[in-house]
Asks: 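Below you will find the structure I want to go over with you.
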Amino acid sequence: MRAGHAVRKAMSGLLLTALLASAASANPPRREKAEATSTLRWEEGQPGCTFSRDDDGKYRYGFWTADFGIVLAVDSQELEKARRRAQPLFDLLLTIHYRGKDSLDVAPGKITLEFVKHYHDIHSALDPDNLANQENSDADALVKETEREIRRHPEKKEEKETMLAARQTDTAEMIEFLKTRSLPPTKLDSGNPEAIGWVLFSTKSKWIDDLQKQEEFVLRVPLGERIVEFPFSLPPSEGDLILRSRPEN
């Protein structure tokens with residue numbers, strides 16, 4: 001009996017060891033998946049990191065590796081422009097170059113912008129098609145509202161129609177901008193090595209009321225298994241101003 005008990009105990013121990021070993025061998029793929037995404041961060045003065053103040057009024061931050069490069073362009077007056085827009089939007093221009101031998105997916109919808117001074121509030125890039133649809137809906141609503149105002153106050157017909165025409169022009173330009181100049185989802189490779197376009201973010205949330213004179217941001221751009229972070233301030237230093245060059249005739 002004792003011998004049989006010893007054998008059963010030994011077999012139970014071996015079975016437990018085998019189960020633990022099996023569980024342990026099943027865990028590494030999860031760790032590998034968690035470690036699949038690495039973060040690369042722009043830092044001034046570091047290899048592959050560039051910064052310039054250019055004559056077109058934009059600050060440019062460049063991040064370069066052996067197989068790709070990203071250039072973030074920020075209008076020096078973007079904070080002022082964002083405050084004046086009918087919709088509270090913050091615009092950034094991205095240029096992505098691919099120099100590798102395989103391919104690289106560009107997914108604008110996964111790009112995020114962190115508003116550091118506003119409780120680190122993080123916003124995803126807005127969908128340009130949804131924005132265009134919203135612009136159309138707002139324009140239709142304004143037409144109906146203008147018609148009602150004219151019926152109530154016929155003497156203001158000319159004034160109201162002038163305001164409506166101006167808004168319709170702005171709406172048409174905005175929709176054209178969204179459809180033709182937004183950063184498109186694409187796959188970059190040797191035959192299609194570059195993507196360029198604007199990404200837009202909302203500047204309103206429960207954490208954001210008004211933009212400050214100087215704001216701090218972190219833009220995060222996922223590219224394959226890597227995320228590139230661009231920490232930047234606008235303006236880069238308080239009072240910083242770019243003098244734009246006049247266009248040549």
Asks: Evaluate the side-chain proximity of R83 to L211: yes if any heavy-atom separation is below 4.5 Å, no if none is.
Replies: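 The answer is yes, as the side chains (C-beta and beyond) meet within the 4.5 Å cut-off.
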Asks: Can you give me the closest heavy-atom contact between C49 and R41, atom names plus distance?
Replies: SG-O, 4.4 Å
Asks: Going through the distances and angles, do K81 and E78 end up as a salt bridge (charged side-chain N to carboxylate O under 4.0 Å, His left out)?
Replies: CA-CA 5 Å; K81 291 180 178 180; E78 183 58 27; 5.5 Å; no
Asks: Assess whether side-chain contact (heavy atoms from CB on, under 4.5 Å) is satisfied between L131 and Q87, documenting all intermediate values.
Replies: CA-CA 10 Å; L131 282 174; Q87 291 196 45; 3.7 Å; yes
Asks: Report the C-alpha separation of V221 and V106 in whole Å, then their side-chain angles, then the decisive distance to 0.1 Å, and conclude whether the side-chain contact (heavy atoms from CB on, under 4.5 Å) test is met.
Replies: CA-CA 9 Å; V221 184; V106 177; over 6 Å; no
Asks: Which value, rounded to the nearest 0.5 Å, describes the distance between L164 atom CG and E145 atom CD?
Replies: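 Separation between the atoms: 11.0 Å.
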Asks: Report yes if the side chains of P236 and R53 come closer than 4.5 Å at any heavy-atom pair, otherwise no.
Replies: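 Sidechains of R53 and P236: in contact.
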Asks: Could you state the interatomic distance from NZ (K156) to CD (E161), rounded to the nearest 0.5 Å?
Replies: 14.5 Å
Asks: How far does OG1 of T180 sit from CH2 of W198, to the nearest 0.5 angstrom?
Replies: 12.0 Å
Asks: Quick one: CD on E135 to CG on D140, what's the gap to the nearest 0.5 Å?
Replies: 11.5 Å
Asks: Quick check against the 3.5 Å criterion: does D54 have a side-chain atom that pairs as donor or acceptor with the backbone of D56?
Replies: no
Asks: Please determine whether the number of non-hydrogen atoms from other residues, nucleotides or ligands lying under 6.0 Å from atom NZ of K157 exceeds 12.
Replies: no
Asks: Do Y59 and F115 sit in one hydrophobic cluster, given that two such residues count as connected whenever their side-chain heavy atoms are within less than 4.5 Å of each other, even indirectly?
Replies: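 Both belong to a single hydrophobic cluster.
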Asks: Is the ring pair W207/Y119 parallel, tilted or perpendicular, if the boundaries are 30 and 60 degrees?
Replies: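 Correct class here is tilted.
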Asks: Nearest 0.5 angstrom please: R226 CZ to L104 CG, how far?
Replies: 7.0 Å
Asks: Hydrophobic clustering (ILVMFWY, side-chain heavy atoms < 4.5 Å, transitive) - are V228 and I122 grouped together?
Replies: no
Asks: Quick check on K117: does its NZ atom have over 12 non-hydrogen neighbours (other residues, nucleotides or ligands) under 6.0 Å away?
Replies: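 Result for NZ/K117: enclosed.
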Asks: Would you sort out whether V218 and H120 count as a side-chain contact (heavy atoms from CB on, under 4.5 Å), showing the intermediate values?
Replies: CA-CA 9 Å; V218 180; H120 298 275; over 6 Å; no
Asks: With side chains defined as the heavy atoms from C-beta onward, is the minimum distance between L183 and I111 less than 4.5 Å?
Replies: yes
Asks: With a 4.0 Å cut-off on N to O distance, would you call D67 and R99 a salt bridge?
Replies: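 Not counted as a salt bridge, because no side-chain N and carboxylate O are separated by less than 4.0 Å.
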Asks: Nearest heavy-atom pair of F201 and L126: which atoms, and what distance?
Replies: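 Between these two residues, the closest heavy atoms are C-CD1, 3.8 Å.
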Asks: How close do D127 and D129 get, heavy atom to heavy atom, and via which atoms?
Replies: OD1-N, 2.8 Å
Asks: Please assess E176 against E173 for the test side-chain contact (heavy atoms from CB on, under 4.5 Å), listing each intermediate value before the final yes or no.
Replies: CA-CA 5 Å; E176 178 69 13; E173 291 176 352; 5.7 Å; no
Asks: So, N130 and Q134: side-chain donor and acceptor under 3.5 Å apart, yes or no?
Replies: no
Asks: Taking atom CD of E158 as the centre, does the number of heavy atoms from other residues, nucleotides or ligands within less than 6.0 Å exceed 12?
Replies: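 Check fails, neighbour count at 12 or below.
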Asks: Report yes or no: does T50 contribute a side-chain atom to a donor-acceptor pair with the main-chain N or O of G62 at less than 3.5 Å?
Replies: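 Between the backbone of G62 and the side chain of T50 there is a qualifying donor-acceptor contact (under 3.5 Å).
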Asks: Give a yes or no on this: more than 12 heavy atoms of other residues, nucleotides or ligands lie within 6.0 Å of atom CD of E80.
Replies: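 More than 12 heavy atoms, drawn from other residues, nucleotides or ligands, come within 6.0 Å of this atom.
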Asks: Do any N or O atoms from the side chain of T203 and from the backbone of P88 form a donor-acceptor pair under 3.5 angstrom?
Replies: yes
Asks: What are the two closest non-hydrogen atoms of P193 and G191, and how far apart are they?
Replies: CD-C, 3.7 Å
Asks: Is there a path of hydrophobic side-chain contacts, each under 4.5 Å between heavy atoms of I, L, V, M, F, W or Y residues, that connects L92 with F68?
Replies: yes
Asks: If you measure from the Lys or Arg side-chain nitrogens to the Asp or Glu carboxylate oxygens, is any gap between R220 and E114 under 4.0 Å?
Replies: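 Yes, this pair counts.
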Asks: Would you check if the side chain of E215 reaches a backbone N or O of Q212 as a donor-acceptor pair within less than 3.5 Å?
Replies: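 Flag set: sc E215 to bb Q212 pair under 3.5 Å.
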Asks: Do the side chains of I96 and F51 join up, straight or via other hydrophobic residues, at under 4.5 Å, putting them in one cluster?
Replies: yes
Asks: Please determine whether residues I208 and L89 belong to a single hydrophobic cluster, defined as Ile, Leu, Val, Met, Phe, Trp and Tyr linked transitively by side-chain heavy-atom distances below 4.5 Å.
Replies: no
Asks: Quick check: do D138 and R167 have side-chain heavy atoms less than 4.5 Å from each other?
Replies: yes
Asks: Does a side-chain heavy-atom distance below 4.5 Å link P235 with Q214?
Replies: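 They are in contact (side-chain heavy atoms under 4.5 Å apart), so the answer is yes.
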Asks: Output, in order, the C-alpha distance, side-chain angles, deciding distance and verdict of salt bridge (charged side-chain N to carboxylate O under 4.0 Å, His left out) for E147 and K144.
Replies: CA-CA 5 Å; E147 291 173 348; K144 294 177 181 178; over 6 Å; no
Asks: Could you state the interatomic distance from OG (S202) to CZ (F90), rounded to the nearest 0.5 Å?
Replies: 12.0 Å
Asks: Would you say the side chain of V71 lies within less than 4.5 Å of the side chain of L94, judging by non-hydrogen atoms?
Replies: no
Asks: Quick one: does P184's side chain get under 4.5 Å of P108's, heavy atoms only?
Replies: no
Asks: With a 4.5 Å cut-off on side-chain heavy atoms, are N192 and K187 touching?
Replies: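 Answer no - side chains too far apart.
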Asks: Going by the ring-ring contact (aromatic ring centres under 6.0 Å, His included) test, name the single residue among F217, W64, Y61 that passes it with W42.
Replies: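 Only one of F217, W64, Y61 forms a ring-ring contact (aromatic ring centres under 6.0 Å, His included) with W42, namely Y61.
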Asks: Is it the case that the side chain of S76 and the backbone of G57 share a donor-acceptor pair, with hydrogens and angles ignored and the cut-off at 3.5 Å?
Replies: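 Looks like yes, one N/O pair under 3.5 Å.
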